[in-house]
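Have a look at the structure below, then the notes.
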Amino acid sequence: VTIRNGGSNSTFTDTMRLFMALMFVFGFSTPLLAVLSEYSASANSLSGITSLSSSVADYTLSPVLNSTGIAATWHKPFNVSASTIYGLHTAFPVQKVMVASGINYLNHPDYRWQDEYLCIAFNLPYMVLGATQHLVYEKIGKESWFSWDNDTAIKVQGSNYGLELRYLRVWTDNAAFVVSALSRLSDSASVSTAYTWRRDGDGCYAFATNYQIVPAFILLSSWQSEPARVGIGAKFDTGKVSLLYGIRSHTELDLTHSIDLEVSW
C-alpha cells in the first residue's frame, strides 16, 4: 500500500481506499456473522434464526420461509454513518411452488455491493424444500466483478414444532450450516434454538423468542454466543401492513439499527 503525500491534503491510493472500505463495512461483519446477509430488522432481532421469521426480507437467509408479500428494509451496520444497506424483497405462490426474489444494496462512497437473488421452494406435506441463487456484484473504483452464491434448505413443520436445516453460501469462505428447532409454547409465544457451523471459524449457538403482547404488537428478542450479541425488535402489525424496528448489540462496536416495512398478501 502506498500513500501519496501532498502536505495536509495527503490522499490514499485506491488500494488503501479498498482496504478501508472492506474493513469498515465488511471486515467487522465477516467474523461476526454466520453469513454476510443478516440485514433485515427481523434477522437482527432474531440473530439470524429464520425459523421464527415471517418476513419476506429473510428469504435472503432462507428459501423455506413460506411467507408472501413485499418488504423494504433499511440497515445501519454498527451505526457506521458512511454505510447503509437497503433492501427490496417480494415473494408469491405459484400453485405449490413459492417464488421469492429481491436485492440488497450497499450505499458506500468507496465500495458498491449488491446481492440479487431468486428463491424456489416446494411445499410438500409437512415439509418445505428450497434453494436460492445469489448474483453478487461488487465495484471499487473502476474495477468490478460478479460472483455466484447458493443456499439450500429443508424445513419440517407441524402445528407446534418445526425443524430447519440450512446450508448457506455454499461455495464461499463464509459458508455455514445452520440447524434450528422451533417450539410454539402458546398461540402468542414461540421459541427457537439454533447452532451454526462455520467453514471459516468456530461454531455459534443462538436462542430467540417471539411474543405477541397484543394482536398488533409483537416483541422479538435473541442472544448468540460467538461473539456475545443481543437482538431486540418491536413489530407493529395490522395484519396486512407491518413495521419492525430492530437493534443488535456488539461487545466492542456500536449498536446496529434496522427497519423493515412490509405488506403481506
Side-chain angles (χ1 to χ4, degrees), residues 18-40 42-44 46-51 53 57-65 73 75-78 80 83-87 89 100 102-106 108 110-119 130-140 143-154 164-180 194-206 208 222 224-229 231 248 250-253 256 258:
L18 163 61
F19 174 76
M20 293 184 67
L22 293 178
M23 281 293 293
F24 218 57
V25 180
F26 286 111
F28 291 139
S29 302
T30 301
L32 306 183
L33 304 177
V35 292
L36 296 176
S37 317
E38 294 177 355
Y39 300 143
S40 70
S42 174
N44 275 272
L46 298 172
S47 292
I49 299 181
T50 56
S51 57
S53 174
D58 289 337
Y59 277 102
T60 307
L61 291 171
S62 174
V64 293
L65 288 180
T73 63
H75 178 75
K76 182 69 70 172
F78 309 114
V80 176
S83 301
T84 306
I85 299 172
Y86 303 97
H89 315 266
I103 181 172
N104 291 299
Y105 170 75
L106 168 67
H108 189 277
D110 298 312
Y111 176 54
R112 180 177 175 182
W113 170 91
Q114 66 186 46
D115 175 14
E116 302 176 48
Y117 66 90
L118 175 66
C119 297
T132 306
Q133 178 69 67
H134 296 264
L135 175 61
V136 180
Y137 172 77
E138 297 175 84
K139 182 179 180 182
I140 300 169
E143 299 293 328
S144 62
W145 61 95
F146 290 91
S147 58
W148 297 94
D149 295 339
N150 303 95
D151 304 333
T152 59
I154 179 173
E164 185 183 71
L165 305 175
R166 293 181 287 150
Y167 189 21
L168 307 177
R169 308 310 189 261
V170 175
W171 308 112
T172 72
D173 292 336
N174 300 306
F177 182 77
V178 186
V179 55
S180 60
Y195 191 82
T196 301
W197 288 267
R198 301 168 178 160
R199 178 177 295 173
D200 63 347
D202 297 331
C204 175
Y205 176 79
S222 65
Q224 73 171 48
S225 64
E226 183 58 39
R229 302 180 70 184
R248 198 174 185 185
H250 189 267
T251 54
E252 299 178 2
L253 305 175
T256 289
S258 304

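Only a predicted model underlies this, so the values are computations on that prediction, with no experimental measurement involved. The first residue of the sequence shown is numbered 1, and numbering continues consecutively from there.
- To the nearest 0.5 Å, atoms OG (S258) and CG (N44) are separated by 4.0 Å.
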Worksheet entry | From CA spacing to verdict: side chain to side chain contact (heavy atoms under 4.5 Å, CB included), W197, V179 | CA-CA 9 Å; W197 288 267; V179 55; 3.4 Å; yes

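- Residues passing the side-chain hydrogen bond (donor to acceptor under 3.5 Å, both in side chains) test with T132, sequence neighbours excluded: none.
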Worksheet item: Between S62 and D151, does a side chain to side chain contact (heavy atoms under 4.5 Å, CB included) hold up when you go through it step by step?
Response: CA-CA 7 Å; S62 174; D151 304 333; over 6 Å; no

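- The minimum heavy-atom distance linking S222 with A208 is given by the pair CB-CB, 3.8 Å.
- Shown are Y86, Y105, W113; of these, the ring pair (Phe, Tyr, Trp, His ring centres under 6.0 Å) with Y39 is made only by W113.
- With values rounded to the nearest 0.5 angstrom, S51 atom OG is found 11.0 Å from L165 atom CG.
- Residues I103 and H89 approach most closely at O-CE1, 3.9 Å, considering heavy atoms.
- Considering NE2 of H134 and OG1 of T60, their distance stands at 7.0 Å, rounded to 0.5 Å.
- Residues S40 and T73 come closest through the heavy atom pair CB-CG2, 4.3 Å.
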Practice prompt. Using the side chain to side chain contact (heavy atoms under 4.5 Å, CB included) rule, take C204 and R198 through it: C-alpha gap first, then chi angles, then the decisive distance, then the call.
Written response: CA-CA 8 Å; C204 175; R198 301 168 178 160; 3.5 Å; yes

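- Summarising the geometry, atom OH belonging to Y59 is positioned 9.0 Å from atom OH belonging to Y117; distances are rounded to the nearest 0.5 Å.
- Closest approach of V178 to A194, counting heavy atoms only: CG1-CB, 4.4 Å.
- Using a distance-only test at 3.5 Å, with no hydrogens or angles considered, a donor-acceptor pair links the side chain of T172 to the main chain of R169.
- Here S53 pairs with S42, L46, S55, D58, L65 under the side-chain contact (heavy atoms from CB on, under 4.5 Å) rule; sequence neighbours left out.
- Note that the CD1 atom of I49 and the CG atom of L61 stand 11.5 Å from one another [nearest 0.5 Å].
- Of all non-hydrogen atoms in T256 and H75, the two that sit nearest each other are CG2-CE1, 3.1 Å.
- Under 3.5 Å, the side chains of W145 and E138 contain a donor-acceptor pair of N or O atoms.
- Using a 4.5 Å heavy-atom cutoff, the side chains of S47 and R248 are in contact.
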Discussion item. If you apply the rule side chain to side chain contact (heavy atoms under 4.5 Å, CB included), what do you find for W148 with V136, and how did you get there?
Written reply: CA-CA 6 Å; W148 297 94; V136 180; over 6 Å; no

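- Minimum interatomic distance between R166 and A153 (heavy atoms only, all atoms of both residues): CG-CB, 3.7 Å.
- Distance check, rounded to the nearest 0.5 Å: CG of L118 to CD of Q133 gives 8.5 Å.
- Side-chain contact, Q114 with N104: no donor N or O sits under 3.5 Å from an acceptor N or O.
- Looking at R199, its side chain does come within 3.5 Å of a backbone N or O of V170 through a donor-acceptor pair.
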